[in-house]
Amino acid sequence: MLSFLTDVSIIVLLLFLLYIGYYTGIIKSFFAVVAGFFALILAQSYPYQVGINYYFVFVAVAVIIFLVGIFVFKIAKFLYLSLFDKLAGACLGIFLWFILSANVIIPSIDACVNKIETKVKNVSVVSNLSKISCPAFGKYIPSFIADK
């Protein structure tokens, strides 16, 4: 039963990210993802993280990058790329689903429910590859997977 619920939740997440990617398009989706990613990295590397400074840096960087994305979207709107924009946004949604599923959802469920070492080791290869290619992302991989 738990396997069925896991499959359903992963499929629902796929459909949700696919819909969001198609609805917003590649330009807005890309800049939203980049805004969150760079805002997190810059806020964590900010030397004066006392009180509300961390959150201020995060919000300021995210808003600036997102506004740049809206400006780029306005420029690209003149090129009549609406169908390509929406299809590429759907592909970005699928890519984000793969990253979330392979690095967070599936390893956590497999390790917590089954406690089977081989499954955790197989999935941890993808997680460790993500951690090597993007060190900031490695902080969010569960510790019981990164240690394998």
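Across all non-hydrogen atoms, the minimal contact from Gly25 to Ser29 is O-OG, 2.7 Å. The minimum heavy-atom distance between Phe66 and Lys28, with the atom names listed, is CE1-O, 4.4 Å. Shortest non-hydrogen contact noted between Phe58 and Gly36 is CE1-O, 4.0 Å. Nearest approach of Ala62 to Ala35, heavy atoms of both residues: O-CB, 3.6 Å.
In the hydrophobic clustering of ILVMFWY residues, with side-chain heavy atoms under 4.5 Å counting as a link, Val57 and Val68 come out together. By the rule that hydrophobic residues join a cluster once side-chain heavy atoms approach within less than 4.5 Å of another member, Val59 and Tyr54 end up as members of one cluster. Side-chain heavy atoms closer than 4.5 Å link hydrophobic residues (I, L, V, M, F, W, Y) into clusters, and following such links, even through other members, never connects Leu15 to Leu87. Put simply, Leu17 and Phe98 are part of the same group of oily side chains (I, L, V, M, F, W, Y) that touch within less than 4.5 Å, one to the next. Cluster annotation: Tyr55 is connected to Val63 through the hydrophobic network of ILVMFWY side chains, with a link wherever side-chain heavy atoms come within less than 4.5 Å.
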### Task
Please step through side chain to side chain contact (heavy atoms under 4.5 Å, CB included) for the pair Ile94 and Leu14, ending with a clear verdict.
CA-CA 7 Å; Ile94 292 172; Leu14 170 65; 4.1 Å; yes
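Take Tyr19 and apply the ring-ring contact (aromatic ring centres under 6.0 Å, His included) test, not counting sequence neighbours, and it matches Tyr23.
When each of Thr24, Ile26, Ile27 is checked for a side chain to side chain contact (heavy atoms under 4.5 Å, CB included) with Phe73, only Ile27 meets the rule.
For Tyr22, the OH atom counts as loosely surrounded, since its 6.0 Å shell holds 12 or fewer non-hydrogen atoms of other residues, nucleotides or ligands.
Here the CG atom belonging to Leu13 is positioned 11.0 Å from the CG atom belonging to Leu18, to the nearest 0.5 angstrom. Rounded to the nearest 0.5 angstrom, Ile65 CD1 and Leu42 CG are separated by 7.0 Å. Atom CG of residue Leu96 and atom CG of residue Leu92 lie 4.5 Å apart, to the nearest 0.5 angstrom. Taking OG from Ser45 and CZ from Phe38, the interatomic distance works out to 11.0 Å, rounded to the nearest 0.5 Å.
Panel note: side chain Trp97, backbone Phe16; no donor-acceptor pair is recorded below 3.5 Å.
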